[in-house]
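All remarks here apply to the structure that follows.
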Amino acid sequence: MGEAGPVVRIAGRLESWRPKGKVGFGHLEDATGRIQIYLRADQLGEAWNLVPLLDLDDHLGITGRLMRTRAGEITVRATAVELLAKSLRPLPRPKREVLEDGTVRSHGGVADPEFRTRQRYADLAVHPEVREVFRLRSRVVTRIRSFLDQRDFLEVETPVLQTLYGGAAARPFVTHHNALDLPLYLRIADELYLKRLIVGGLERVYEIGHDFRNEGMDRAHNPEFTMLELYQAYADYHDMMELAEALVADLVREASAGGSRLTRGGVELDFTRPFRRVRFVEGIREGSGLDVLTASEDDLRRRLREAGAPPEEASSWAGAKLLDEMFAAFLEPRLVQPTFVVDYPKPISPLAKVHRDDPRLTERFELLVQGREYANAYSELNDPDDQRARFEDQLRQRAAGNEEAQPFDADYIRALEYGMPPTGGMGVGIDRLVMLLADQPSIRDVILFPSMRPED
RNA sequence: GGGGGCGUAGCUCAACAGGUAGAGCAAGAGACUUUUAAUCUCUAGGUAGUGGGUUCGAGUCCCACCGCCCUCACCA
């Protein structure tokens with residue numbers, strides 16, 4: 001029975017406690033796992049007086065010899081017990097039943113998703129698998145940094161509080177600076193500051209940080225979320241595609257113990273390079289039989305109605321909206337395996353550089369997996385005159401009531417006037433990427449403290 | 001913002017043509033020197049999310065509000 005095992009000192013939470021007269025068995029749990037403890041009055045002496053006062057979830061320090069019970073479980077037979085910290089409120093633990101075939105069945109526990117996100121501390125304390133999701137998240141971010149650092153990218157920090165916001169179409173959060181008596185905006189994107197750094201000669205930069213968008217929340221959106229943006233001088237969207245492919249394949253290796261496949265929602269996804277590439281226009285033509293660049297808007301609307309779009313709504317669609325709908329109906333759903341959709345039409349890509357071979361298109365791609373977007377990249381617009389014209393267009397849209405139109409950023413134009421080299425840029429939503437890698441269905445499952453209404 | 005669902009003890013869940021609430025775990029007291037969903041005895045714990053209404057009587061029906069979830073729209 002291994003009475004003479006080595007002496008060990010352990011610490012952890014009291015996860016279970018089964019008192020039995022002048023002895024008691026329980027399990028102590030820490031981040032690395034759980035182990036049984038065996039407390040005996042005749043071994044503990046004075047310290048036994050502490051035992052009746054123990055509560056589940058107390059933090060204990062135990063010293064004792066390792067032994068094996070009749071049932072064969074490795075156990076610490078305590079010679080000393082120390083109360084390290086008290087638990088006044090029991091955690092909502094499930095009871096674990098080990099069945100004869102070795103499977104573990106849980107009884108009780110917390111099921112309420114509201115409880116789990118409001119009291120994330122309790123959720124984490126009770127669910128090792130939730131802790132594992134956030135460990136993976138941390139490994140993913142670390143891996144992104146080392147991937148980019150190896151390629152001579154410089155990690156930088158740009159303002160979160162901005163006097164002008166831009167770089168995306170979204171409504172900002174507004175706050176106020178008392179000393180300057182100025183409104184300030186929480187950034188909706190890092191883009192314009194990072195590109196200023198490209199002008200400044202920091203030729204490869206990236207930032208991982210929170211962006212804030214004052215918009216709706218759902219399973220894929222949280223008001224603050226984590227974004228990776230990176231910019232590389234003397235590069236274009238082809239270089240960005242190479243980079244995206246290498247980065248994502250690297251992260252899949254991290255999440256799959258060295259493999260190149262993930263099974264998500266029962267679907268096996270293969271991230272072996274190269275990923276499939278589909279031209280926006282050709283992909284839609286394959287799905288719909290129509291070329292969105294040459295077909296009339298009437299034909300596009302008719303085709304969408306045939307495919308089941310609500311007729312009344314469909315007849316109001318035009319321009320960029322129509323292109324989006326064609327993409328959503330005839331290409332996006334077919335893109336299950338990792339795929340680069342490339343060369344988006346100009347009307348739906350206002351921030352991208354015009355395509356070198358076709359003025360109707362832009363040098364842009366998105367990486368899609370299971371119909372979801374994971375990266376968005378361009379050959380960056382670096383012509384100050386064109387940029388000025390686009391800001392002016394945004395101003396007109398703003399005047400027409402589009403609250404998401406971007407303000408005119410004269411300082412950014414000034415930066416471009418000094419000459420920005422041709423640059424490739426890319427944005428990757430970290431939360432959604434972690435959802436993919438950790439196989440979690442909601443953004444709330446990969447953000448430790450997602451936004452919620454207050455309880456009172 | 002539209003539609004749908006849910007909200008009963010700290011946690012997981014019950015009940016009943018609408019008749020004034022019950023169990024397991026957790027908690028408190030006690031028994032038990034190899035237990036492991038320990039077991040056994042006992043105790044306490046709920047103005048049923050909030051506020052109205054219908055009714056002799058409402059957790060149960062109706063309305064409003066609050067919160068969460070799903071879904072559509074919007075949004076990258």
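The analysis underlying the following values was restricted to heavy atoms, covering all of them including side chains, and did not include hydrogens, waters or symmetry mates. Residue numbers begin at 1 in each chain, while the letters A, B, ... track the order of the sequences.
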Send over the distance from [X] [atom1] to [N] [atom2], rounded to a whole Å.
| X | N | atom1 | atom2 | result |
| --- | --- | --- | --- | --- |
| A:Ile35 | B:U35 | CD1 | P | 18 Å |
| A:Lys22 | B:A38 | NZ | C1' | 18 Å |
| A:Met217 | B:C68 | CE | P | 8 Å |
| A:Arg116 | B:C6 | CZ | C1' | 17 Å |
| A:Arg219 | B:C72 | CZ | P | 8 Å |
| A:His27 | B:U36 | NE2 | C1' | 6 Å |
| A:Met452 | B:G67 | CE | C1' | 8 Å |

task = Report yes or no: do A:Thr423 and A:Glu380 form a side-chain donor-acceptor pair below 3.5 Å?
result =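 No, no side-chain donor-acceptor contact under 3.5 Å.
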ask   = Can you tell me how far C1' in B:U60 sits from the matching atom in B:G18, rounded to whole Å?
value =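 It comes out at 6 Å once rounded to the nearest Å.
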key: Distance between C1' atoms of B:U50 and B:C66 (Å, rounded)   =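 Comparing C1' positions in B:U50 and B:C66 gives a spacing of 7 Å.
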ask   = How long is the gap from CG on A:Leu60 to NZ on A:Lys86, to the nearest 0.5 Å?
value = 8.5 Å
Atom pair CG/OH of A:Leu243 and A:Tyr237 - distance to nearest 0.5 Å = 16.0 Å
Categorize [X] for me: base, sugar-phosphate, or nothing, with a 4.0 angstrom heavy-atom threshold over every strand shown.
| X | value |
| --- | --- |
| A:Arg105 | nothing |
| A:Pro19 | base |
| A:Arg93 | nothing |
| A:Ala220 | nothing |
| A:Arg372 | nothing |
| A:Phe115 | sugar-phosphate |
| A:Glu114 | sugar-phosphate |
| A:Gly109 | sugar-phosphate |
| A:Arg432 | nothing |
| A:Glu366 | base |

request  = Carefully, step by step, assess A:His27 and A:Ile35 under the rule side-chain contact (heavy atoms from CB on, under 4.5 Å).
outcome  = CA-CA 5 Å; A:His27 279 89; A:Ile35 187 169; 5.8 Å; no
With a 4.0 Å limit, can you tell me whether [X] has a side-chain N or O closer than that to the phosphate oxygens OP1/OP2 of [N]?
| X | N | value |
| --- | --- | --- |
| A:Arg18 | B:A37 | no |
| A:Lys95 | B:G24 | no |
| A:Arg96 | B:A37 | no |
| A:Arg444 | B:C70 | yes |
| A:Lys321 | B:C75 | no |

key: Nearest-nucleotide pick for A:Asp55, side chain only, options being B:G28, B:C74, B:U33   =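 When the side chain of A:Asp55 is considered, B:G28 is the closest of B:G28, B:C74, B:U33.
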key: Minimum side-chain heavy-atom gap A:Arg444-A:Arg116 below 4.5 Å   = no
query = Can we say A:Glu97 and A:Arg105 salt-bridge, meaning some charged N sits less than 4.0 Å from an Asp/Glu carboxylate O?
reply = yes
request  = Determine if A:His107 stacks with B:G24; use a centre-to-centre distance below 5.5 Å and an interplanar angle below 30° as the criteria.
outcome  =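 So no, this residue does not stack on that base, at least one cut-off failing.
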inquiry  = Can you confirm whether more than 12 heavy atoms, excluding those of A:Arg279, are under 6.0 Å from its CZ atom?
reply    = no
ask   = Donor-acceptor pair under 3.5 Å: do we get one between A:Glu73's side chain and the base of B:U35?
value = no
ask   = Counting only distance, no hydrogens or angles, is the base of B:U36 paired donor-acceptor with the side chain of A:Ser16 under 3.5 Å?
value = no
